[in-house]
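Here's the structure, in structure tokens; my notes come after.
Everything numeric in this text was worked out from a predicted model, so none of it was measured. Atoms considered below: every heavy atom in the structure, side chains included; atoms not considered: hydrogens, waters and symmetry mates.
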Amino acid sequence: MTHAIRDPANPTPTDGPPTGRAEIRRQEALLKTGALQDAIFNSANFSSIATDAQGVIQIFNVGAERMLGYDAADVVNKITPADISDPQEVIARAKALSVELETPITPGFEALVFKASRGIEDIYELTYIRQDGSRFPAVVSVTALRDAQDAIIGYLLIGTDNTARKQVEAEQQVLSQRLRDHQFYTRSLFESNSDALMTTDQFGIITDVNKQMEALTGCTRDELIGAPFSNCFTDPARAEAGIKQVLSEKKITNYELTARSRDGKETVVSYNATTFYDRDRKLQGVFAAARDITEHLCLEQVLQEKNAALLEANKELEDFAYSVSHDLRAPLRAIDGFSRKVIIGYGERLDEEGRRQLQVVRDNAQRMGRLIDNLLAFSRMGRREVVLQPLDMGAMVTGVADELRAAEPQRSIVFACAPLPRAWGDAAMMRQVWVNLLSNAFKFSRRRQTAHIEVGGHTQGGECLYWVKDDGAGFDMQYAGKLFGVFQRLHREDEFEGVGCGLAIVARILQRHHGRIWGEGTPDAGATLHFALPLPSVTPPVTQDP
Amino acid sequence: MKKHEQELQILLVEDNAADAEMTMDALRQARLVNQVQWVKDGAEALDFLFGHGAEAAAAGNRLRLVLLDLRLPRVDGLDVLRALRADERTRRLPVVVLTSSHEEVDVVRAYDLGVNSYLVKPVESEAFMSVVGQMGLYWMLLNRAPGDTR
């Protein structure tokens, strides 16, 4: 700017003093013609304000009128540019310049032109105040106007409205702050994850990692980024295969690798990884999370050991049950047998009460024998291998019911069996289920003049559901929890015989089949026992009881 | 219980004295008692059957039935059975297991070794008397074994 004023005719601004009087004359002529002024002052996009040496406005162009809302007549010879500038900024500028130039500068017009007055090119930002009081940011370029003797005769202040730029700047600032916030958020998500995270490009070259990944590999982020992912593992080929699998299948889960850190420490990790994309759905690479499963594996091993110990203990218990049942039977047989011998051989020497008491001994020995037999049967159901096959439950029920009716031909029983869905189970065990459930129904309905027993079933929600309903003695739902316990009885033995093992055995069998059993009852109105077996498609592999 | 008597025809291998006594009661009730020799474990049984001396051989020759308990001290019942089946003299001798064990695995093993029958001793004494008595009558009177001259 300075050059343009001093040497407006020179197209290539080379610094240098005017050369000779001819040159000065030429300049004066140019100024006099007004060509330069016209060019500058007719620009509506620049406010051009010229002052005298004291700062009083002498020229106020169209651009200035438009920007500031004053008519030239309102300001010319009346005010200085300081009067249309933010006074606080003027004061601040005066202070700053005083410090910078180490000379006191008065807040006011001097502060606006001081640098220019010293021949220093000066462009600064400032807030102009319009006639209506509104404000706008401006960029102002100040040039001192000099006469032929280089004395200052005034100043030219050319201003541009900086509002749009300021807005853009402000928006950019907001955006970049938002970007920084977002980057921080993403980064902190990435870093605060307890898994070792990384991204790779589609060739398996690491593009980003978090601190956990640094810890896992013993390498810094800078060392890792740009290196092949597979380097970090004991089996690079398997790692490569993992990346390939992610790329072809879009994800992998629980892919086990052993990471080897720089210092040789090995960590078993389980990878979950997916491909990730930009907004245009263009593949960017692979995002992979590694979870340290060393502890998990360790726990698994402990679990396996505990399980083995449990199986061992269970086997010992089974052996114990076997041996106990075997060894207990003999003395029981002797108690019963020899009581009988006493009754037969010496009965005449005993009175009625003596014989009755011996009979009590015998009854109890026999009862204990049945308890042991049932306990053994219960235990056997836990040990026996379950052999699954399709079962015609309808035929099974009919067969069992026929046998039970034949055993009590004198009874009046209305038996109804609806069509039953086929099941998937162990034939012998499932038959035992029906025997026990139907025996109970027969037994507990014994006191009815005519007993009603119904069997039904249907498929529902991946299960085959069956039920056996009788109108017998029933039970109080208050005691429903005891239905399936070993040696749990809900009726006195002098009402209904039995040792209380039948439903426990049924429950055990259903448990071995991953099924369920439950019962409903009302005292003296009847009971309904329901059980459910999973359909083949949802049957998990049958396991031994722990 | 006298091994030299001509009518000795049943060998009872039973370690439990009460069971042995009741078994013999049952056989007595079936009028078979005088034909019984009782030994108390597997080793004694093997010694009786295959021991040195003419006595053992003579006794072995007069046997028509072995009643064998499974759980025995020293030599187990199944080992006795194996030995019986391995020896030419007793290979076809009817053997009935008379035991407390309901275990399927015991039943299978006994059959695999060639047992002729497997009975579980009932705890209830009437049933016990009946089962043992019927078994004795069947094997001693009804069954025909190789070499029977009746």
So, the part of B/E104 with a heavy atom under 4.5 Å from chain A: the answer is neither

If one checks every heavy atom of B/D15 against chain A at 4.5 Å, the contacting part turns out to be neither

Whether over 12 other heavy atoms sit under 6.0 Å from [X] [atom1]:
X	atom1	result
A/Q389	CD	yes
A/E353	CD	yes
B/K40	NZ	no
A/Y479	OH	no

Flag the one option from A/A365, A/G337, A/G369 with the top tally of heavy-atom pairs under 4.5 Å to chain B. A/G337

Indicate whether any N or O donor in one side chain lies under 3.5 Å from an N or O acceptor in the other, for B/S101 and A/R329. no

Could you tell me whether the side chains of B/S125 and A/R362 share a donor-acceptor contact shorter than 3.5 Å? yes

How far does CZ of A/F338 sit from CD of B/E21, to the nearest 0.5 angstrom? 3.5 Å

CE (B/M129) and CZ (A/R340) are apart, to the nearest 0.5 Å, by 4.5 Å

Taking every heavy atom of A/L332 against every heavy atom of B/V123, the minimum-distance pair comes out as CB-CG1, 3.9 Å

Write down the atom of B/S100, the atom of A/R333, and the distance for their closest heavy-atom approach. OG-NH2, 3.0 Å

With only heavy atoms counted, which part of A/A377 is less than 4.5 Å from chain B, the side chain, the backbone, both or neither? neither

Most contacts with chain A, counted as non-hydrogen pairs under 4.5 angstrom, among B/D19, B/L70, B/N16: B/D19

